[in-house]
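The structure appears right after this line, and notes come after that.
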Amino acid sequence: MAVRVQEADFDVGAELAALTAGNHKVGGLGVFIGVVRDTAGDAAVAGMTLEHYPGMTERQLAAIEAEAVARWPIEASLIVHRVGRLAPGENIVLVACASAHRQAALDATAFLIDWLKTKAPFWKLEETADGESWVDARESDDAAAARWRR
Amino acid sequence: MAVRVQEADFDVGAELAALTAGNHKVGGLGVFIGVVRDTAGDAAVAGMTLEHYPGMTERQLAAIEAEAVARWPIEASLIVHRVGRLAPGENIVLVACASAHRQAALDATAFLIDWLKTKAPFWKLEETADGESWVDARESDDAAAARWRR
Amino acid sequence: MKLLYFAWVRQRIGVGQETVSLPAEVATVAGLVDWLRTRGPGYAEAFRDTRAIRYAVNQEYVEPDQPVSADDEVAFFPPVTGG
Amino acid sequence: MKLLYFAWVRQRIGVGQETVSLPAEVATVAGLVDWLRTRGPGYAEAFRDTRAIRYAVNQEYVEPDQPVSADDEVAFFPPVTGG
(Lines give C-alpha, C1' and ligand atoms only; values in the text may rest on other atoms or scores of the structure.)
Protein backbone atom coordinates (compact mmCIF):
# COMPACT_ATOMS: atom_id res chain seq x y z
CA MET A 1 0.00 0.00 0.00
CA ALA A 2 1.61 3.23 -1.08
CA VAL A 3 0.69 6.73 -2.16
CA ARG A 4 3.01 9.27 -3.80
CA VAL A 5 2.70 12.81 -5.11
CA GLN A 6 5.46 13.85 -7.48
CA GLU A 7 6.36 16.17 -10.34
CA ALA A 8 8.24 13.49 -12.28
CA ASP A 9 6.53 11.08 -14.64
CA PHE A 10 6.10 7.48 -13.51
CA ASP A 11 7.23 4.32 -15.31
CA VAL A 12 4.04 2.27 -15.54
CA GLY A 13 5.78 -1.04 -16.23
CA ALA A 14 8.27 -0.63 -13.40
CA GLU A 15 5.62 0.53 -10.91
CA LEU A 16 3.32 -2.40 -11.64
CA ALA A 17 6.15 -4.94 -11.61
CA ALA A 18 7.32 -3.66 -8.21
CA LEU A 19 3.76 -3.72 -6.85
CA THR A 20 3.27 -7.45 -7.27
CA ALA A 21 6.89 -8.67 -7.25
CA GLY A 22 7.18 -11.93 -5.35
CA ASN A 23 3.52 -12.00 -4.30
CA HIS A 24 2.13 -15.15 -5.89
CA LYS A 25 -1.24 -14.75 -4.22
CA VAL A 26 -2.08 -12.11 -6.82
CA GLY A 27 -4.42 -13.34 -9.55
CA GLY A 28 -5.44 -10.03 -11.02
CA LEU A 29 -4.19 -6.47 -11.25
CA GLY A 30 -6.54 -3.60 -12.03
CA VAL A 31 -5.00 -0.36 -13.27
CA PHE A 32 -6.22 3.09 -14.22
CA ILE A 33 -4.00 5.73 -15.80
CA GLY A 34 -5.28 9.28 -16.20
CA VAL A 35 -3.80 11.27 -19.07
CA VAL A 36 -3.93 14.96 -20.13
CA ARG A 37 -6.29 15.37 -23.10
CA ASP A 38 -5.71 18.02 -25.75
CA THR A 39 -9.32 19.24 -25.66
CA ALA A 40 -11.79 20.41 -23.04
CA GLY A 41 -15.27 20.65 -24.52
CA ASP A 42 -14.64 22.54 -27.79
CA ALA A 43 -11.43 24.23 -26.70
CA ALA A 44 -7.91 23.07 -27.52
CA VAL A 45 -5.84 22.54 -24.38
CA ALA A 46 -2.15 23.47 -24.55
CA GLY A 47 -1.40 22.08 -21.11
CA MET A 48 -2.43 22.21 -17.49
CA THR A 49 -0.92 22.83 -14.08
CA LEU A 50 -1.82 20.57 -11.18
CA GLU A 51 -1.84 22.26 -7.77
CA HIS A 52 -2.33 20.36 -4.52
CA TYR A 53 -2.41 20.72 -0.74
CA PRO A 54 0.82 19.08 0.49
CA GLY A 55 0.15 17.04 3.59
CA MET A 56 -3.60 16.86 3.21
CA THR A 57 -3.19 15.21 -0.21
CA GLU A 58 -1.11 12.35 1.14
CA ARG A 59 -3.44 12.03 4.13
CA GLN A 60 -6.53 11.83 1.92
CA LEU A 61 -4.91 9.41 -0.52
CA ALA A 62 -3.88 7.14 2.36
CA ALA A 63 -7.44 7.31 3.76
CA ILE A 64 -8.91 6.42 0.35
CA GLU A 65 -6.53 3.48 0.07
CA ALA A 66 -7.33 2.33 3.61
CA GLU A 67 -11.04 2.41 2.76
CA ALA A 68 -10.40 0.21 -0.30
CA VAL A 69 -8.39 -2.24 1.80
CA ALA A 70 -11.27 -2.40 4.30
CA ARG A 71 -13.78 -3.19 1.53
CA TRP A 72 -11.90 -5.62 -0.72
CA PRO A 73 -9.30 -8.38 -0.22
CA ILE A 74 -6.41 -6.38 -1.63
CA GLU A 75 -2.88 -7.78 -1.81
CA ALA A 76 -1.21 -4.54 -2.89
CA SER A 77 -2.24 -1.11 -4.08
CA LEU A 78 -0.62 2.05 -5.38
CA ILE A 79 -1.62 5.62 -6.08
CA VAL A 80 0.86 7.95 -7.81
CA HIS A 81 -0.36 11.45 -8.70
CA ARG A 82 1.66 14.08 -10.51
CA VAL A 83 1.66 17.82 -9.84
CA GLY A 84 3.12 20.76 -11.73
CA ARG A 85 2.75 21.58 -15.42
CA LEU A 86 1.72 18.76 -17.76
CA ALA A 87 1.33 18.73 -21.55
CA PRO A 88 -1.31 16.81 -23.53
CA GLY A 89 -0.48 13.12 -23.62
CA GLU A 90 1.35 13.20 -20.30
CA ASN A 91 0.38 10.93 -17.43
CA ILE A 92 -1.52 12.51 -14.52
CA VAL A 93 -2.30 9.64 -12.20
CA LEU A 94 -1.66 5.92 -11.79
CA VAL A 95 -3.96 3.80 -9.65
CA ALA A 96 -3.39 0.06 -9.29
CA CYS A 97 -4.91 -2.66 -7.16
CA ALA A 98 -3.81 -6.30 -6.95
CA SER A 99 -5.99 -9.04 -5.54
CA ALA A 100 -6.37 -12.80 -5.66
CA HIS A 101 -9.61 -12.15 -7.52
CA ARG A 102 -10.30 -10.24 -10.71
CA GLN A 103 -13.54 -8.61 -9.61
CA ALA A 104 -12.01 -7.24 -6.41
CA ALA A 105 -9.04 -5.84 -8.34
CA LEU A 106 -11.27 -4.12 -10.90
CA ASP A 107 -13.82 -2.80 -8.41
CA ALA A 108 -11.19 -1.50 -6.01
CA THR A 109 -9.38 0.25 -8.87
CA ALA A 110 -12.58 2.00 -9.97
CA PHE A 111 -13.34 2.90 -6.36
CA LEU A 112 -9.88 4.40 -5.81
CA ILE A 113 -10.01 6.68 -8.84
CA ASP A 114 -13.66 7.66 -8.27
CA TRP A 115 -12.99 8.63 -4.65
CA LEU A 116 -9.69 10.30 -5.48
CA LYS A 117 -11.48 12.51 -8.02
CA THR A 118 -13.86 13.91 -5.41
CA LYS A 119 -11.76 13.82 -2.20
CA ALA A 120 -8.05 14.30 -2.90
CA PRO A 121 -7.13 18.02 -2.84
CA PHE A 122 -5.82 18.55 -6.38
CA TRP A 123 -6.87 21.35 -8.72
CA LYS A 124 -6.33 21.70 -12.46
CA LEU A 125 -5.54 25.01 -14.13
CA GLU A 126 -6.13 24.55 -17.85
CA GLU A 127 -4.45 26.53 -20.64
CA THR A 128 -6.55 27.28 -23.73
CA ALA A 129 -6.51 30.02 -26.39
CA ASP A 130 -8.74 32.06 -24.02
CA GLY A 131 -6.07 31.95 -21.32
CA GLU A 132 -5.87 30.02 -18.07
CA SER A 133 -8.94 28.78 -16.22
CA TRP A 134 -9.58 26.51 -13.26
CA VAL A 135 -11.34 23.30 -14.20
CA ASP A 136 -14.80 23.02 -12.65
CA ALA A 137 -15.72 19.98 -10.59
CA ARG A 138 -18.09 17.76 -12.53
CA GLU A 139 -21.38 16.38 -11.28
CA SER A 140 -20.61 13.12 -13.09
CA ASP A 141 -17.59 12.69 -10.79
CA ASP A 142 -19.78 13.18 -7.72
CA ALA A 143 -22.22 10.63 -9.11
CA ALA A 144 -19.42 8.14 -9.76
CA ALA A 145 -18.13 8.53 -6.21
CA ALA A 146 -21.65 8.28 -4.77
CA ARG A 147 -21.98 4.76 -6.23
CA TRP A 148 -19.50 3.62 -3.59
CA ARG A 149 -21.13 5.38 -0.63
CA ARG A 150 -22.52 3.18 2.11
CA MET B 1 -7.65 -2.29 -31.79
CA ALA B 2 -5.52 -5.40 -31.60
CA VAL B 3 -5.62 -8.94 -30.28
CA ARG B 4 -2.65 -11.28 -29.92
CA VAL B 5 -2.09 -14.81 -28.67
CA GLN B 6 1.51 -15.64 -27.84
CA GLU B 7 3.78 -17.83 -25.73
CA ALA B 8 6.16 -15.02 -24.85
CA ASP B 9 5.56 -12.68 -21.93
CA PHE B 10 4.43 -9.14 -22.69
CA ASP B 11 6.07 -5.89 -21.56
CA VAL B 12 3.20 -4.04 -19.85
CA GLY B 13 4.86 -0.62 -19.98
CA ALA B 14 5.78 -0.91 -23.66
CA GLU B 15 2.36 -2.29 -24.66
CA LEU B 16 0.48 0.52 -22.91
CA ALA B 17 2.81 3.23 -24.20
CA ALA B 18 2.36 1.98 -27.77
CA LEU B 19 -1.41 1.78 -27.34
CA THR B 20 -1.90 5.49 -26.68
CA ALA B 21 1.22 6.94 -28.34
CA GLY B 22 0.40 10.19 -30.13
CA ASN B 23 -3.33 10.00 -29.39
CA HIS B 24 -4.04 13.07 -27.28
CA LYS B 25 -7.76 12.42 -27.22
CA VAL B 26 -7.13 9.77 -24.56
CA GLY B 27 -8.04 10.90 -21.04
CA GLY B 28 -8.05 7.54 -19.31
CA LEU B 29 -6.61 4.07 -19.75
CA GLY B 30 -8.15 1.07 -18.02
CA VAL B 31 -6.01 -2.04 -17.68
CA PHE B 32 -6.43 -5.54 -16.33
CA ILE B 33 -3.58 -8.01 -15.98
CA GLY B 34 -4.30 -11.63 -15.10
CA VAL B 35 -1.53 -13.47 -13.26
CA VAL B 36 -0.92 -17.14 -12.32
CA ARG B 37 -1.64 -17.65 -8.61
CA ASP B 38 0.26 -20.19 -6.55
CA THR B 39 -2.89 -21.63 -4.97
CA ALA B 40 -6.21 -23.03 -6.19
CA GLY B 41 -8.60 -23.46 -3.28
CA ASP B 42 -6.42 -25.24 -0.70
CA ALA B 43 -3.96 -26.75 -3.17
CA ALA B 44 -0.55 -25.35 -4.03
CA VAL B 45 -0.20 -24.74 -7.76
CA ALA B 46 3.20 -25.44 -9.32
CA GLY B 47 2.21 -24.05 -12.68
CA MET B 48 -0.34 -24.31 -15.44
CA THR B 49 -0.55 -24.89 -19.17
CA LEU B 50 -2.82 -22.74 -21.30
CA GLU B 51 -4.30 -24.48 -24.35
CA HIS B 52 -6.34 -22.67 -26.98
CA TYR B 53 -8.12 -23.11 -30.30
CA PRO B 54 -5.96 -21.30 -32.85
CA GLY B 55 -8.08 -19.35 -35.27
CA MET B 56 -11.24 -19.40 -33.21
CA THR B 57 -9.44 -17.67 -30.34
CA GLU B 58 -8.38 -14.70 -32.46
CA ARG B 59 -11.83 -14.58 -34.05
CA GLN B 60 -13.56 -14.54 -30.65
CA LEU B 61 -11.16 -11.98 -29.20
CA ALA B 62 -11.72 -9.71 -32.19
CA ALA B 63 -15.50 -10.12 -31.81
CA ILE B 64 -15.30 -9.26 -28.09
CA GLU B 65 -13.24 -6.19 -28.89
CA ALA B 66 -15.66 -5.14 -31.66
CA GLU B 67 -18.54 -5.45 -29.19
CA ALA B 68 -16.71 -3.17 -26.73
CA VAL B 69 -16.05 -0.62 -29.49
CA ALA B 70 -19.76 -0.69 -30.37
CA ARG B 71 -20.75 -0.02 -26.75
CA TRP B 72 -18.22 2.56 -25.57
CA PRO B 73 -16.33 5.49 -27.17
CA ILE B 74 -12.98 3.70 -27.28
CA GLU B 75 -9.86 5.34 -28.71
CA ALA B 76 -7.69 2.21 -28.57
CA SER B 77 -7.83 -1.26 -27.10
CA LEU B 78 -5.60 -4.28 -26.74
CA ILE B 79 -5.93 -7.91 -25.71
CA VAL B 80 -2.80 -10.04 -25.34
CA HIS B 81 -3.25 -13.59 -24.05
CA ARG B 82 -0.47 -16.06 -23.40
CA VAL B 83 -0.53 -19.81 -24.05
CA GLY B 84 1.83 -22.63 -23.08
CA ARG B 85 3.25 -23.39 -19.65
CA LEU B 86 3.23 -20.60 -17.06
CA ALA B 87 4.63 -20.55 -13.52
CA PRO B 88 3.07 -18.76 -10.52
CA GLY B 89 3.60 -15.01 -10.76
CA GLU B 90 3.72 -15.05 -14.56
CA ASN B 91 1.37 -12.89 -16.62
CA ILE B 92 -1.52 -14.63 -18.37
CA VAL B 93 -3.48 -11.85 -20.03
CA LEU B 94 -3.33 -8.11 -20.63
CA VAL B 95 -6.48 -6.18 -21.44
CA ALA B 96 -6.40 -2.42 -21.96
CA CYS B 97 -8.89 0.16 -23.12
CA ALA B 98 -8.24 3.87 -23.75
CA SER B 99 -11.00 6.45 -23.97
CA ALA B 100 -11.52 10.17 -23.62
CA HIS B 101 -13.50 9.35 -20.49
CA ARG B 102 -12.50 7.45 -17.36
CA GLN B 103 -15.78 5.60 -16.88
CA ALA B 104 -15.81 4.27 -20.45
CA ALA B 105 -12.21 3.10 -20.12
CA LEU B 106 -12.90 1.28 -16.84
CA ASP B 107 -16.22 -0.24 -17.91
CA ALA B 108 -14.90 -1.41 -21.27
CA THR B 109 -11.87 -3.00 -19.59
CA ALA B 110 -14.11 -4.93 -17.17
CA PHE B 111 -16.37 -5.94 -20.05
CA LEU B 112 -13.46 -7.22 -22.14
CA ILE B 113 -12.03 -9.46 -19.43
CA ASP B 114 -15.47 -10.67 -18.28
CA TRP B 115 -16.47 -11.65 -21.82
CA LEU B 116 -13.07 -13.09 -22.62
CA LYS B 117 -13.35 -15.37 -19.56
CA THR B 118 -16.57 -16.96 -20.82
CA LYS B 119 -16.18 -16.78 -24.62
CA ALA B 120 -12.55 -17.03 -25.71
CA PRO B 121 -11.52 -20.68 -26.24
CA PHE B 122 -8.70 -21.06 -23.70
CA TRP B 123 -8.36 -23.87 -21.17
CA LYS B 124 -6.15 -24.12 -18.10
CA LEU B 125 -4.47 -27.35 -17.04
CA GLU B 126 -3.32 -26.87 -13.46
CA GLU B 127 -0.42 -28.70 -11.78
CA THR B 128 -0.82 -29.53 -8.09
CA ALA B 129 0.60 -32.20 -5.79
CA ASP B 130 -2.32 -34.42 -6.89
CA GLY B 131 -1.21 -34.19 -10.51
CA GLU B 132 -2.65 -32.30 -13.45
CA SER B 133 -6.29 -31.29 -13.67
CA TRP B 134 -8.35 -29.12 -15.97
CA VAL B 135 -9.68 -26.01 -14.27
CA ASP B 136 -13.49 -25.98 -14.06
CA ALA B 137 -15.43 -23.06 -15.43
CA ARG B 138 -16.81 -20.94 -12.61
CA GLU B 139 -20.38 -19.79 -12.18
CA SER B 140 -19.08 -16.47 -10.88
CA ASP B 141 -17.49 -15.88 -14.30
CA ASP B 142 -20.80 -16.57 -16.03
CA ALA B 143 -22.50 -14.15 -13.65
CA ALA B 144 -19.87 -11.48 -14.31
CA ALA B 145 -20.33 -11.85 -18.07
CA ALA B 146 -24.12 -11.83 -17.73
CA ARG B 147 -23.97 -8.32 -16.25
CA TRP B 148 -23.07 -7.06 -19.71
CA ARG B 149 -25.75 -8.97 -21.63
CA ARG B 150 -28.39 -6.90 -23.37
CA MET C 1 -15.03 -32.99 -42.30
CA LYS C 2 -12.43 -31.67 -39.87
CA LEU C 3 -13.02 -32.43 -36.19
CA LEU C 4 -11.15 -30.70 -33.36
CA TYR C 5 -11.00 -31.64 -29.69
CA PHE C 6 -9.62 -29.53 -26.84
CA ALA C 7 -8.69 -29.90 -23.17
CA TRP C 8 -10.11 -33.04 -21.53
CA VAL C 9 -12.20 -33.86 -24.60
CA ARG C 10 -8.92 -34.12 -26.51
CA GLN C 11 -7.29 -36.15 -23.74
CA ARG C 12 -10.15 -38.65 -23.52
CA ILE C 13 -10.35 -39.14 -27.28
CA GLY C 14 -6.57 -39.27 -27.58
CA VAL C 15 -6.15 -36.96 -30.58
CA GLY C 16 -6.48 -33.21 -31.04
CA GLN C 17 -7.88 -33.33 -34.52
CA GLU C 18 -8.92 -35.74 -37.22
CA THR C 19 -10.56 -35.74 -40.63
CA VAL C 20 -13.60 -37.96 -41.08
CA SER C 21 -16.09 -38.69 -43.83
CA LEU C 22 -19.45 -37.43 -42.68
CA PRO C 23 -21.89 -40.39 -42.44
CA ALA C 24 -25.03 -39.91 -44.49
CA GLU C 25 -27.29 -40.20 -41.44
CA VAL C 26 -25.59 -37.33 -39.56
CA ALA C 27 -27.29 -33.95 -40.12
CA THR C 28 -26.57 -31.97 -36.94
CA VAL C 29 -23.92 -31.47 -34.25
CA ALA C 30 -26.00 -33.65 -31.90
CA GLY C 31 -26.12 -36.38 -34.56
CA LEU C 32 -22.35 -36.10 -34.95
CA VAL C 33 -21.91 -36.61 -31.20
CA ASP C 34 -24.13 -39.73 -31.28
CA TRP C 35 -22.06 -41.13 -34.13
CA LEU C 36 -18.74 -40.25 -32.46
CA ARG C 37 -19.79 -42.07 -29.29
CA THR C 38 -19.84 -45.33 -31.30
CA ARG C 39 -16.23 -44.92 -32.41
CA GLY C 40 -14.61 -46.24 -29.24
CA PRO C 41 -14.44 -46.09 -25.44
CA GLY C 42 -12.46 -42.81 -25.43
CA TYR C 43 -15.14 -41.11 -27.51
CA ALA C 44 -17.90 -42.64 -25.36
CA GLU C 45 -16.20 -41.31 -22.22
CA ALA C 46 -15.60 -37.85 -23.74
CA PHE C 47 -19.25 -37.46 -24.74
CA ARG C 48 -20.80 -39.26 -21.76
CA ASP C 49 -22.24 -36.01 -20.32
CA THR C 50 -22.83 -33.48 -23.08
CA ARG C 51 -23.91 -30.80 -20.60
CA ALA C 52 -20.17 -30.33 -20.09
CA ILE C 53 -19.43 -29.90 -23.82
CA ARG C 54 -19.45 -26.78 -25.96
CA TYR C 55 -19.63 -26.86 -29.76
CA ALA C 56 -18.21 -24.65 -32.49
CA VAL C 57 -18.84 -24.98 -36.22
CA ASN C 58 -16.39 -23.06 -38.38
CA GLN C 59 -15.06 -21.35 -35.25
CA GLU C 60 -18.41 -19.97 -34.08
CA TYR C 61 -20.32 -21.24 -31.04
CA VAL C 62 -23.40 -23.29 -31.97
CA GLU C 63 -26.15 -25.28 -30.27
CA PRO C 64 -26.45 -29.08 -30.70
CA ASP C 65 -29.21 -28.67 -33.30
CA GLN C 66 -26.86 -26.82 -35.66
CA PRO C 67 -26.76 -28.47 -39.13
CA VAL C 68 -23.36 -29.74 -40.26
CA SER C 69 -22.01 -30.49 -43.73
CA ALA C 70 -18.93 -32.20 -45.10
CA ASP C 71 -16.92 -28.97 -45.49
CA ASP C 72 -17.35 -27.88 -41.89
CA GLU C 73 -14.74 -27.60 -39.15
CA VAL C 74 -16.45 -28.83 -35.99
CA ALA C 75 -14.89 -28.43 -32.54
CA PHE C 76 -15.78 -30.01 -29.17
CA PHE C 77 -14.49 -28.67 -25.89
CA PRO C 78 -15.32 -27.99 -22.23
CA PRO C 79 -16.48 -24.57 -21.00
CA VAL C 80 -13.60 -22.14 -21.45
CA THR C 81 -11.33 -21.10 -18.56
CA GLY C 82 -8.93 -18.50 -19.93
CA GLY C 83 -8.17 -15.01 -18.71
CA MET D 1 -3.62 30.28 13.26
CA LYS D 2 -2.36 29.10 9.88
CA LEU D 3 -4.63 29.80 6.91
CA LEU D 4 -4.16 28.14 3.51
CA TYR D 5 -5.77 29.05 0.18
CA PHE D 6 -5.73 27.00 -3.02
CA ALA D 7 -6.60 27.38 -6.71
CA TRP D 8 -8.82 30.39 -7.46
CA VAL D 9 -9.31 31.12 -3.76
CA ARG D 10 -5.55 31.62 -3.55
CA GLN D 11 -5.50 33.72 -6.73
CA ARG D 12 -8.28 36.04 -5.57
CA ILE D 13 -6.77 36.56 -2.13
CA GLY D 14 -3.29 36.92 -3.58
CA VAL D 15 -1.39 34.68 -1.15
CA GLY D 16 -1.24 30.91 -0.66
CA GLN D 17 -0.90 31.01 3.08
CA GLU D 18 -0.71 33.37 6.00
CA THR D 19 -0.61 33.31 9.77
CA VAL D 20 -3.24 35.33 11.62
CA SER D 21 -4.22 35.94 15.23
CA LEU D 22 -7.64 34.44 15.73
CA PRO D 23 -10.09 37.23 16.68
CA ALA D 24 -11.93 36.58 19.96
CA GLU D 25 -15.34 36.69 18.28
CA VAL D 26 -14.52 33.89 15.77
CA ALA D 27 -15.56 30.43 16.98
CA THR D 28 -16.24 28.45 13.77
CA VAL D 29 -15.10 28.11 10.16
CA ALA D 30 -18.15 30.13 9.08
CA GLY D 31 -17.21 32.87 11.55
CA LEU D 32 -13.69 32.84 10.18
CA VAL D 33 -15.05 33.33 6.64
CA ASP D 34 -17.18 36.29 7.79
CA TRP D 35 -14.12 37.87 9.40
CA LEU D 36 -11.89 37.17 6.36
CA ARG D 37 -14.39 38.91 4.07
CA THR D 38 -13.72 42.17 5.94
CA ARG D 39 -9.99 42.01 5.26
CA GLY D 40 -10.09 43.40 1.71
CA PRO D 41 -11.67 43.21 -1.74
CA GLY D 42 -9.72 40.04 -2.72
CA TYR D 43 -11.04 38.20 0.33
CA ALA D 44 -14.55 39.54 -0.28
CA GLU D 45 -14.40 38.28 -3.87
CA ALA D 46 -12.96 34.88 -2.87
CA PHE D 47 -15.71 34.28 -0.30
CA ARG D 48 -18.57 35.93 -2.21
CA ASP D 49 -20.29 32.58 -2.88
CA THR D 50 -19.40 30.04 -0.20
CA ARG D 51 -21.32 27.27 -1.96
CA ALA D 52 -18.21 27.03 -4.15
CA ILE D 53 -15.82 26.70 -1.19
CA ARG D 54 -14.65 23.61 0.66
CA TYR D 55 -13.08 23.72 4.13
CA ALA D 56 -10.45 21.65 5.88
CA VAL D 57 -9.31 21.97 9.47
CA ASN D 58 -6.02 20.25 10.23
CA GLN D 59 -6.18 18.59 6.80
CA GLU D 60 -9.59 16.98 7.27
CA TYR D 61 -12.75 18.09 5.48
CA VAL D 62 -15.17 19.94 7.76
CA GLU D 63 -18.51 21.72 7.53
CA PRO D 64 -18.81 25.51 8.14
CA ASP D 65 -20.06 24.98 11.72
CA GLN D 66 -16.77 23.29 12.68
CA PRO D 67 -15.19 24.99 15.75
CA VAL D 68 -11.73 26.48 15.23
CA SER D 69 -8.99 27.36 17.70
CA ALA D 70 -5.74 29.29 17.54
CA ASP D 71 -3.58 26.20 16.91
CA ASP D 72 -5.55 25.02 13.88
CA GLU D 73 -4.48 24.89 10.25
CA VAL D 74 -7.53 25.96 8.23
CA ALA D 75 -7.70 25.64 4.45
CA PHE D 76 -10.14 27.11 1.90
CA PHE D 77 -10.42 25.82 -1.64
CA PRO D 78 -12.81 25.03 -4.51
CA PRO D 79 -14.16 21.51 -5.13
CA VAL D 80 -11.25 19.27 -6.10
CA THR D 81 -10.52 18.35 -9.73
CA GLY D 82 -7.60 15.92 -9.66
CA GLY D 83 -7.27 12.48 -11.16
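Every value quoted in this text rests on a predicted model; they were computed, and no experiment measured them. A, B, ... follow the sequence lines: proteins, then strands. Residue 1 opens every chain.
A side-chain donor-acceptor contact under 3.5 Å links B:S99 to the backbone of B:P73. C:T50 contributes no side-chain N or O that, together with a main-chain N or O of C:F47, makes up a donor-acceptor pair within less than 3.5 Å. Checking side-chain atoms of B:Q6 against main-chain N and O of B:A8 turns up a donor-acceptor pair under 3.5 Å.
Heavy-atom minimum distance, B:A46 versus B:P88: O-CD, 3.2 Å. Closest approach of B:F111 to B:I64, counting heavy atoms only: CE2-O, 3.7 Å. Of all non-hydrogen atoms in C:Y43 and C:L36, the two that sit nearest each other are CB-O, 3.1 Å. Taking both residues in full, the closest heavy atoms of B:A2 and B:E65 are given as O-OE2, 3.1 Å, listed atom of the first, atom of the second, then distance. The two atoms that bring C:Y61 and B:T118 nearest to each other are OH-O, 4.4 Å, heavy atoms only.
Ranking B:S133, B:G34, B:A120 against chain C, the residue ahead of the rest is B:A120, based on heavy-atom pairs under 4.5 Å.
Heavy-atom distances place no part of B:D142 under 4.5 Å from chain C, backbone and side chain included. For C:R10, the part lying under 4.5 angstrom from a heavy atom of chain B is the side chain only.
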Under the side chain to side chain donor-acceptor pair (under 3.5 Å) rule, what do B:E67 and B:W148 come out as? Steps first, then yes or no, please. CA-CA 11 Å; B:E67 181 68 28; B:W148 304 105; over 6 Å; no
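Across B:F122, B:W134, B:Y53, a single residue satisfies ring-ring contact (aromatic ring centres under 6.0 Å, His included) together with C:F6, and that is B:Y53.
Residues of residues 67-83 of chain C lying under 4.5 angstrom from chain B, judged on non-hydrogen atoms, are C:E73, C:A75, C:F77, C:P78, C:P79, C:V80, C:T81, C:G82, C:G83 in numerical order. Scanning residues 16-31 of chain B against chain C with a 4.5 Å heavy-atom cutoff picks out nothing at all.
Dense packing is recorded around CD of C:E25, with more than 12 heavy atoms of other residues, nucleotides or ligands lying under 6.0 Å away.
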